[in-house]
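Computation of the quantities below employed the complete heavy-atom set of this structure, encompassing side-chain atoms and omitting hydrogens, waters and symmetry-equivalent molecules. In this chain, numbering begins with 1 at the start of the sequence shown.
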Amino acid sequence: MGWCMTNIESLFEAVSAKRVLKSEWKNKGIPFYRAREIVQLSKEGIADKDLFVSKEHYSELKEKYGVPSCDDIMISAVGSIGYTYIVKKGDVFYYKDASVLCLKNTNHWNPTFFKIWLASPFLQEQMYKNSKGTTVNTITLEKLKGYVIPLPPITEQHRIVSKVEDLFSQLDNIASSL
């Protein structure tokens, strides 16, 4: 099977978090990420951990609504939109409803391919076009589900990721030799 045009909704379960009230934010416990922390994770691989939910509250949320799992893709959806973080094995955190969206990767797509795709001009144009008319750039869950993607077969996804990673490695080597 070759490439096809499809949308996010047909590939992932796109979800938002259950609302956590400001009064439920804590100074310690399980990290609680807003769009700001997803942007930090996307750019730097680490995020400030200054907001938390209690372990008990996290357990309730996990049991009733689910939490991000390994290879899910987190997307900043308010302000600095479209930054992504791929959930790693062992990550434990909860996230702010509406300001962070989650693509549940239950079909085991190559998450790095989708991180590359989400950063592409093709998708960024869709995001910014659909966020116009608001005071702050915003991606809604419904708009995210409708974003269009040219989808290659999984083997081609792996090949693209490998090539992109190889090219970035070469660029890093050039940069370090300057």
Side-chain angles (χ1 to χ4, degrees), residues 5-26 29-53 57-58 60-62 64-88 91-151 157 161:
M5 291 300 283
T6 189
N7 60 29
I8 288 285
E9 186 173 34
S10 65
L11 303 173
F12 297 94
E13 179 186 0
V15 299
S16 185
K18 176 69 177 152
R19 176 150 303 179
V20 175
L21 302 174
K22 202 169 191 175
S23 61
E24 297 170 313
W25 296 359
K26 305 294 179 195
I30 303 297
F32 182 68
Y33 294 153
R34 300 159 292 181
R36 168 184 9 193
E37 287 80 18
I38 297 302
V39 171
Q40 288 177 330
L41 286 164
S42 178
K43 290 180 172 182
E44 302 161 25
I46 59 169
D48 293 336
K49 293 181 181 169
D50 55 0
L51 283 181
F52 301 88
V53 294
H57 192 66
Y58 174 82
E60 290 172 21
L61 293 166
K62 181 178 181 179
K64 288 183 182 175
Y65 307 103
V67 297
S69 302
C70 183
D71 290 340
D72 287 350
I73 302 168
M74 309 305 296
I75 303 170
S76 61
V78 173
S80 297
I81 62 174
Y83 286 88
T84 58
Y85 173 70
I86 299 169
V87 179
K88 294 176 179 49
D91 277 351
V92 176
F93 64 91
Y94 203 64
Y95 60 105
K96 189 165 186 337
D97 62 297
S99 72
V100 177
L101 301 176
C102 178
L103 297 179
K104 302 294 289 173
N105 194 3
T106 54
N107 291 319
H108 307 290
W109 298 109
N110 184 317
T112 305
F113 170 80
F114 284 93
K115 182 177 175 76
I116 293 167
W117 170 74
L118 286 161
S120 73
F122 180 78
L123 190 275
Q124 292 290 312
E125 183 179 322
Q126 291 180 67
M127 281 185 200
Y128 282 96
K129 229 190 255 184
N130 285 311
S131 72
K132 295 232 186 288
T134 60
T135 306
V136 177
N137 288 331
T138 305
I139 301 171
T140 65
L141 196 54
E142 288 310 308
K143 288 179 182 172
L144 175 65
K145 290 176 182 181
Y147 292 155
V148 175
I149 176 175
L151 179 70
Q157 291 175 35
V161 167

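- In this structure, Tyr147 OH and Glu125 CD are separated by 11.5 Å, a value rounded to the nearest 0.5 Å.
- Under the 4.5 Å side-chain criterion, counting only non-hydrogen atoms from C-beta, Asn105 is in contact with Phe12.
- Of all the heavy atoms in Ser16 and Ala98, the pair that sits closest is OG-N, 3.0 Å.
- Side-chain N or O atoms of Tyr94 include none that pairs as donor or acceptor with a backbone N or O of Ala17 at under 3.5 Å.
- The aromatic rings of Trp25 and Phe32 sit tilted relative to each other, their planes meeting at an angle between 30° and 60°.
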Output, in order, the C-alpha distance, side-chain angles, deciding distance and verdict of side-chain contact (heavy atoms from CB on, under 4.5 Å) for Phe93 and Val87. CA-CA 10 Å; Phe93 64 91; Val87 179; 3.9 Å; yes

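- Residues Val148 and Met5 approach most closely at CG1-CE, 3.2 Å, considering heavy atoms.
- Scanning all heavy atoms of the two residues, the minimum distance from Ile139 to Gly82 falls at CD1-N, 3.9 Å.
- Residues Val161 and Lys115 have side chains not in contact (no heavy-atom distance under 4.5 Å, counting atoms from C-beta outward).
- Although no hydrogens or angles enter the test, the distance criterion places a donor-acceptor pair under 3.5 Å between the side chain of Asn107 and the main chain of Leu11.
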Let's go through Tyr95 and Met74 carefully: what are the C-alpha distance in whole Å and the side-chain angles of both, what is the deciding distance for side-chain contact (heavy atoms from CB on, under 4.5 Å) to 0.1 Å, and is it a yes or a no? CA-CA 9 Å; Tyr95 60 105; Met74 309 305 296; 3.6 Å; yes

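- Side chains of Leu61 and Val20 form a contact here, defined as non-hydrogen atoms less than 4.5 Å apart.
- With a 4.5 Å cut-off on side-chain heavy atoms, Tyr128 and Ile81 count as touching.
- Within a 6.0 Å radius of NZ in Lys49, other residues, nucleotides and ligands contribute 12 heavy atoms or fewer.
- Distance check, rounded to the nearest 0.5 Å: CG of Leu144 to CE of Met127 gives 7.0 Å.
- Between Tyr85 and Ser76 there is no side-chain heavy-atom pair separated by less than 4.5 Å.
- Distance check, rounded to the nearest 0.5 Å: OG1 of Thr84 to CG of Leu103 gives 9.5 Å.
- In this structure, the side chains of Ile38 and Ile75 stay at 4.5 Å or more apart for every pair of heavy atoms.
- For the salt bridge (Lys or Arg N to Asp or Glu O under 4.0 Å) condition, the pairs that include at least one residue of residues 70-86, sequence neighbours left out, are Asp72-Lys104.
- Between the side chain of Ser99 and the backbone N or O of Val78, no donor-acceptor pair lies under 3.5 Å.
- In terms of heavy atoms, Gly29 sits closest to Phe52 at O-CD2, 3.4 Å.
- Put simply, CG on Leu41 and CD1 on Ile86 are 11.5 Å apart, with the number rounded to the nearest 0.5 Å.
- Rounding to the nearest 0.5 angstrom, the gap separating the CD atom in Glu24 from the CG atom in Leu51 is 13.0 Å.
- No donor-acceptor pair closer than 3.5 Å links the side chain of Gln157 to the backbone N or O of Trp109.
- In this structure, CD on Glu37 lies 11.5 Å from CD on Glu44, to the nearest 0.5 angstrom.
- The closest side-chain heavy-atom distance from Leu101 to Leu141 is below 4.5 Å.
- No donor-acceptor pair closer than 3.5 Å links the side chain of Thr112 to the backbone N or O of Asn110.
- Annotation for Tyr83: atom OH does not count as buried by contact number, only 12 or fewer foreign heavy atoms lying within 6.0 Å.
- A heavy-atom distance below 4.5 Å is found between the side chains of Phe114 and Leu151.
- Summarising the geometry of Gly146 relative to Asn7, their closest heavy-atom pair is O-CB, 3.9 Å, with the distance given to 0.1 Å.
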Steps toward side-chain contact (heavy atoms from CB on, under 4.5 Å) verdict (Glu60, His57): CA-CA 5 Å; Glu60 290 172 21; His57 192 66; 4.0 Å; yes

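- We find that Arg34 and Asp48 are not joined by a salt bridge, their nearest charged nitrogen and carboxylate oxygen being 4.0 Å or further apart.
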